[in-house]
Amino acid sequence: MSPGPTAPAPLWSADAIWAASTVHFPVLFLDADRKVHGANAAACALAEKLGHSGDPAALVAMVPDSDWANLLLHGHWRGIVRPSPTAAMALEIHCGRAPDSARCFMVMVDISERGERQRQYEELQRTVDRLASTQEQLLQSEKMASIGQLAAGVAHEINNPIGYVGSNLGTLQDYSSALLALVEKYHEALFSDDPAAHREDVQQARQRLDVDYIIGDLPNLLSESREGIERVTKIVQDLKDFSRVGRDQKMLPADLLQGLDSTLNIVWNDLKYKVRLEKHYTSLPQVECLPSEINQVFLNLLLNAGQAIEQRGTIVLASGCDEQDVWISITDSGCGIPPESMQYLFDPFFTTKPIGRGTGLGLAISYGIVAKHHGRIDVTSRVGQGSTFRVVLPIRQPGKEADTGADGAG
Ligand SMILES: Nc1ncnc2c1ncn2[C@@H]1O[C@H](COP(=O)(O)OP(=O)(O)OP(=O)(O)O)[C@@H](O)[C@H]1O
Ligand SMILES: [Mg+2]
């Protein structure tokens, strides 16, 4: 008996198909024409779940034609597909082609959760960005609010020199009329037939116009006026430095004591009637920082120190440094802070001041700024005696090698 026609050998071995049955993600065995020669239970279950009556062939259709052509050409393809444009499910598909080019396989991994995690991550990232920009706005509005709070004082500071420069100008106008009148007298005398006969007349005019006094007073008036203009220019400059803010500002080596003095200039009008000021400065190296933000910290601490002093008191400003860090301290002889408040000092909106006087943001914002500079604020205080706020900052920001001119004395 001649043997009958034998069935062609299966494309994929039973072992391979059995091995696939032991894994929990969908595996399909195909030929180069995408015909299914085997599929594991997970593939059939997925086809059922997607509404294809358990037919795994429907899964193969998810691979776009052009990508299948690529698979045949290069031997592998990987892509992420969604069963339908609106589906929440996302599948990562890996396709491979055996070296004989006839056999292909397809493995599918459900990455919906990964997609969800990615979406959550992106959402979180957007929230962080929004928070960063809100914080920046908050910083700017706190700055503007403190400028608003100080506006009356600053206006007064500017008004003062402007007042005396204005009055000096009036006096200078009178002086110049007198001097011009005298010049006229000299001119008349000089060009008369007998100049000597006018000597007495000129002398009397000189006395009447008080020219000797004018000559003595003129240099003072001019230098006082010039000083007044310089003070106004300085205050305006300090305000400009102070109100500058920006995401792209770079940390630059800066003179912190100069910043402290400029800031003091801005608040001085609020302090001068009740505060005796002492400065115990030790010169500091230039410190890598965002100067306008550090000035904001000084401003908040100076305002708090002033507000802690009810009637009259002292504010001591001091500085010091070692190899790595510099510090600036602001000590007041004010009311002090009760121990139970210490832990809340830097919390946003913690305030003991009446509504309208304090928002409780000054220290929270200062903390954020100093932390951004890798520094810290130390506080010591005794109720009834006063408080010291000490800002400690690294001379150079970590993660950067030595840079330009960081050791000039400030
Ligand atoms: N030098 C100080 N002496 C005594 N108490 C202080 C001093 N500095 C801060 N405090 C206390 O810490 C609280 C929080 O200070 P913070 O600067 O954050 O807010 P604020 O001064 O109340 O309001 P804002 O600064 O927003 O105008 C103050 O209300 C005050 O109770
Ligand atoms: Mg404050």
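When a ligand or atom number is given, it counts from 1 through the structure's own listing order.
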Looking only at heavy atoms, the pair that brings Ser283 and Cys321 closest together is O-SG, 4.4 Å
Protein N/O/S atoms closer than 2.8 Å to the Mg ion (ligand 2) number 1
Within 4.0 Å of some non-hydrogen atom of Leu345, the atoms of ligand 1 are 11 (C), 12 (O)
Do Arg376 and Asp325 sit within salt-bridge range, that is, some charged N less than 4.0 Å from a carboxylate O? no
Side chain proximity check, Pro83 to Met62, heavy atoms < 4.5 angstrom: yes
Sequence neighbours excluded, which residues qualify as side chain to side chain contact (heavy atoms under 4.5 Å, CB included) partners of Leu131? none
Enumerated ligand 1 atoms positioned under 4.0 Å from heavy atoms of Ile337: 4 (C), 5 (N), 6 (C)
Residues in salt bridge (Lys or Arg N to Asp or Glu O under 4.0 Å) contact with Asp110, at least two apart in sequence or another chain: none
Restricting to side chain to side chain contact (heavy atoms under 4.5 Å, CB included), what partner residues turn up for Arg103, sequence neighbours left out? Leu11, Trp12, Ala98, Asp100
Measure Asp332 to ligand 1 on non-hydrogen atoms and call it side chain, backbone, both or neither using the 4.0 Å cut-off. side chain
Taking the minimum heavy-atom distance to atom 23 (O) of ligand 1, which of Gly334, Gly360, Gly336, Ala364 ranks first? Gly360
Whether Tyr344 lies under 4.0 Å from ligand 1, heavy atom: no
Report yes if some N/O of Cys335 lies less than 3.5 Å from some N/O of ligand 1; otherwise report no. no
Are more than 12 heavy atoms, taken from residues, nucleotides or ligands other than Tyr281, located less than 6.0 Å from that residue's OH atom? yes
Would you mind listing which atoms of ligand 1 come within a distance below 4.0 Å of any non-hydrogen atom of Phe389? 1 (N), 2 (C), 7 (C), 8 (N)
Check the surroundings of atom CD in Glu224: do more than 12 heavy atoms from other residues, nucleotides or ligands lie under 6.0 Å from it? yes
Within a reach of under 6.0 Å around CD of Gln173, are more than 12 heavy atoms found that belong to other residues, nucleotides or ligands? no
If you count the atoms of ligand 1 from 1 in the order shown, which ones are under 4.0 Å from a heavy atom of Ala308? 2 (C), 3 (N), 4 (C)
Numbered atoms and elements of ligand 1 in range of Thr351, under 4.0 angstrom, heavy atoms: 20 (P), 22 (O), 29 (O)
If you take all heavy atoms of Pro195 and Leu190, which pair is closest and at what distance? CG-O, 4.0 Å
